[in-house]
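Presented below is the structure to which this report refers.
Being a predicted model, the structure only gives us computed values, none of them experimental. Chain letters run A, B, ... following the sequence lines, proteins first, then strands; residues in each count from 1.
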Protein chains: 2
Amino acid sequence: MLVSTDLRPNETRALAALFRAGALSRAALARDLGLTRSTTGALVLGLTEAGLARERSDEANDEQDGEGRVGRPGILVEIEGNGGFFLGAYIGVNWIATVAVDLAGAQRASASRAFAGPGSTPEAAVAIIRELVAEIRSQLPEGARPYGLNVAVPGFPAADGISYHATILGWHGVNLAELLGNAFRGDFPILLENDANAVAVAETYRAQPGKDDEDALVILIENGVGGGIINAGRLHRGRLGGAGEIGHLRIGDEGFVFDAKRPGRLESYVGKDALLARYLHISGRRAGVDEFVAALAGGDPAAVATARDWALWFGRGLATLACTLQPERIILSGSVNAIYPFVAEQVEAFLLDFLAEGYPVPTVELSRVGADGPALGAACLLHQAALSGDPQFQLRGLAAR
Amino acid sequence: MLVSTDLRPNETRALAALFRAGALSRAALARDLGLTRSTTGALVLGLTEAGLARERSDEANDEQDGEGRVGRPGILVEIEGNGGFFLGAYIGVNWIATVAVDLAGAQRASASRAFAGPGSTPEAAVAIIRELVAEIRSQLPEGARPYGLNVAVPGFPAADGISYHATILGWHGVNLAELLGNAFRGDFPILLENDANAVAVAETYRAQPGKDDEDALVILIENGVGGGIINAGRLHRGRLGGAGEIGHLRIGDEGFVFDAKRPGRLESYVGKDALLARYLHISGRRAGVDEFVAALAGGDPAAVATARDWALWFGRGLATLACTLQPERIILSGSVNAIYPFVAEQVEAFLLDFLAEGYPVPTVELSRVGADGPALGAACLLHQAALSGDPQFQLRGLAAR
DNA sequence: GTAATTTGTTTGGTTGACATACTAATTGAC
DNA sequence: GTCAATTAGTATGTCAACCAAACAAATTAC
């Protein structure tokens with residue numbers, strides 16, 4: 001009879017090591033875990049029988065470590081993706097998306113639907129998520145049971161620990177966790193995460209094989225400016241998951257769009273509305289981001305001047321953040337990032353000039369994940385929790401009894 | 001024969017649980033670790049024989065949990081402080097300090113000496129540390145061997161991974177780690193840490209018993225403004241340990257002391273020089289911090305006006321940081337923090353007004369650790385590493401063989 | 001072809017952790 | 001005061017995780 005059994009600590013550690021490295025021979029895994037080869041052999045056997053690991057089939061990839069390696073070559077062992085699934089969702093202003101990530105960290109299914117956020121009720125959003133989750137579950141192997149669902153939302157839980165505020169959706173004091181819990185009663189644990197935080201995870205999680213201690217700052221620029229902070233490979237969430245609200249950074253006295261209550265904020269200089277207002281002020285032309293970028297690419301002097309102003313203030317904000325957080329990489333996401341390539345030189349020269357001598361200068365890169373970013377990152381957070389041994393997402397395997 | 005043996009993972013976990021809680025009965029410890037009482041009994045026996053834990057002697061303190069607790073009361077077990085020692089040092093501008101922290105997290109010895117930082121060589125500093133370490137080791141029990149030495153320094157390692165820059169000491173490109181390594185050749189591992197980071201740890205490490213996931217920001221205000229960030233109980237170090245350099249925060253266009261290269265920085269508004277320059281500008285009087293605080297306490301209108309300006313800009317900086325990092329507590333350290341009580345109301349009203357509705361407002365507190373802060377925090381970082389199971393500081397016990 | 005090296009597996013032994021059962025020490029009900 | 005109920009701590013036998021040692025297998029170096 002096949003029964004589901006919880007994994008032993010060293011089995012979880014072994015999976016985490018395999019995930020970090022991509023694939024390892026039993027001997028290399030033994031060294032990584034500090035166990036003997038014999039123990040590791042039994043460990044891998046158990047994981048294989050439980051359907052969580054497998055020997056790598058592509059023989060072509062037998063060049064594990066350089067050329068002159070003496071001795072019998074090892075057989076690479078890797079994670080069996082079908083060993084488990086993690087669900088992520090995103091409630092956006094215009095749409096709702098869901099994805100499934102497998103035990104190997106690969107995206108395996110996705111589904112999305114239009115959603116008129118402002119004006120819709122939280123209950124409507126939950127109903128859509130329920131249908132989309134059913135849809136992606138049908139794309140997964142028969143009988144696959146997800147370990148959990150993490151929902152990225154544009155907003156933050158409030159200080160009372162229950163209610164949830166999403167000004168952009170017009171929701172206030174909504175107990176979204178409870179609504180979702182009722183919709184999926186007991187099937188799996190459900191978490192909420194801020195959308196910018198989720199994107200930050202999606203951009204950095206396993207960005208480079210073998211590296212899991214990345215220091216990065218992900219900046220999301222739309223109308224508002226948000227961010228997510230990754231420190232040593234872990235999301236810096238702050239007290240209630242609200243760290244990274246860098247749109248409120250005070251970098252000047254006014255702003256291109258003026259806000260009497262909170263003047264001089266970063267997003268009033270570099271957000272989408274601010275950018276286009278500045279362009280309107282200089283050129284007299286009303287444009288969208290795409291038109292603005294086209295004008296910029298075409299050398300329109302007003303667009304170039306606008307971009308130069310944008311870069312000046314953006315550089316100020318980046319310099320502040322680079323000093324405060326000292327990230328290795330800064331990743332730009334959101335529709336406004338399309339103008340960055342035109343001003344990269346200016347911003348990076350400013351950064352280099354601002355930072356103290358010898359201080360590491362972060363690289364600035366553009367987003368690599370697409371529209372699924374928030375949902376994908378939410379799922380990756382569950383994957384990370386499971387492979388770190390979080391008891392709430394205790395991995396299980398099928399074992400013969 | 002007594003031999004030194006490495007601790008098993010669960011023994012280290014047990015010590016970490018005892019440290020977090022202060023003291024636990026065997027049964028409570030078993031629940032905490034997820035082990036059975038019988039296993040935990042054997043675990044505690046082993047730790048006791050190894051000299052790392054002991055039964056608490058003060059019978060008075062038998063009120064473990066409220067009153068109406070039925071059943072046989074447990075015997076509290078706590079960490080035996082003499083089980084291990086961790087050394088911390090601080091190279092300051094005017095003095096060098098060293099402390100020893102024991103396995104229970106208590107400060108057990110300290111020694112310091114005047115040091116004319118600017119103008120002295122790194123070699124001179126290392127020689128003083130060597131003597132001070134010998135001095136505090138003589139205050140510890142016979143035969144105690146420290147697990148390591150962590151040295152807090154006013155500066156940062158440079159991007160090349162070797163050299164070390166401390167502008168304030170006039171040191172550039174110094175390989176301090178190597179100098180220290182030569183001075184203590186092989187006795188124990190040696191680490192370096194930025195001083196503001198170390199202070200942040202000292203302020204927050206075990207600030208509240210039972211809580212080890214604090215989110216805090218520690219701000220050090222002297223001439224310059226530095227900071228250390230604690231996220232979920234861990235130091236946020238950034239790429240090279242340089243996170244928290246909040247003095248460079250760009251909050252305005254000029255500053256009370258003008259810096260042509262980097263105008264508008266937080267420290268040019270709220271640092272010591274800036275404060276006193278502003279007071280000079282308003283009152284015509286040249287004063288030190290102590291005199292200024294005395295004038296402020298006496299109701300001197302110029303001092304009150306200066307403090308109000310200071311509070312305005314400090315509030316702007318705090319608001320930026322509160323949004324970016326979302327700490328639960330903000331702790332003020334450094335000599336300038338003496339003026340905070342006079343403007344606390346103004347700053348906190350500004351914060352409350354600035355932060356979004358429902359956003360958690362951090363508390364602002366004054367430092368609780370004294371002049372030993374940097375050295376103490378450095379030692380606490382080693383203690384934390386050892387109790388987290390860091391292999392570099394693998395705990396050992398004496399066992400009969 | 002032979003030695004050296006590294007991988008993976010087998011075997012038997014040690015020990016960490018468990019389940020179970022027992023004793024000890026307290027509270028609360030009568 | 002006495003007796004259940006409850007919780008803490010310990011003893012014992014069992015299981016299995018891990019190790020050490022030895023061996024077979026597959027490669028490089030000479």
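Aromatic rings of B/Tyr205 and B/His383 (six-membered ring for Trp) have centroids within the 6.0 Å cut-off, being under it. Not less than 6.0 angstrom separates the ring centroid of B/Phe393 from the ring centroid of B/Tyr147.
The separation between B/Leu35 atom CG and C/dT20 atom P is 17 Å, rounded to whole Å. In this structure, the CD atom of B/Glu55 is 15 Å from the P atom of D/dA8, given to the nearest Å. The CG atom of A/Leu29 sits 12 Å away from the P atom of C/dT7 (whole-angstrom rounding). Here the C1' atom of nucleotide D/dC18 and the CG atom of B/Asp6 are 16 Å apart, to the nearest Å. One atom, CG of A/Leu45, and another, C1' of D/dA17, lie 14 Å apart when rounded to the nearest Å. Atoms CZ (B/Arg31) and C1' (C/dA17) sit 18 Å apart, rounded to a whole Å. In this structure, B/Ile75 atom CD1 and D/dT7 atom C1' are separated by 13 Å, rounded to whole Å. Atom CZ of B/Arg37 is separated from atom C1' of C/dC18 by 13 Å (rounded to the nearest Å).
To the nearest 0.5 Å, the span separating CG on B/Leu24 from CD on B/Glu78 amounts to 10.5 Å.
Of the listed nucleotides (D/dT27, D/dA5, C/dA17), C/dA17 has the atom at the smallest distance from the side chain of B/Leu43. Side chain of A/Asn10, nearest nucleotide from D/dC18, C/dG8, D/dG9: D/dC18. Of the candidate nucleotides C/dA17, C/dT9, D/dT10, C/dA17 has the atom lying nearest to any side-chain atom of B/Thr39.
The nearest heavy atom of DNA chain D to A/Gly34 and to A/Gly71 marks one nucleotide each, and the one closer to the 5' end goes with A/Gly34.
Residue A/Arg26 places no side-chain N or O under 4.0 Å from the OP1 or OP2 atom of C/dT6. Residue A/Arg8 has a polar side-chain atom (N or O) positioned under 4.0 Å from OP1 or OP2 of D/dA17.
The base of C/dA19 is paired with the side chain of B/Ser38 by a donor and an acceptor separated by under 3.5 Å. Counting atom types as modelled, A/Arg72 pairs no side-chain N or O with a base atom of C/dT6 as donor and acceptor under 3.5 Å.
B/Asn82 and B/Glu80 share a side-chain donor-acceptor pair at under 3.5 Å. A donor-acceptor contact closer than 3.5 angstrom links the side chains of A/Arg234 and A/Ser388.
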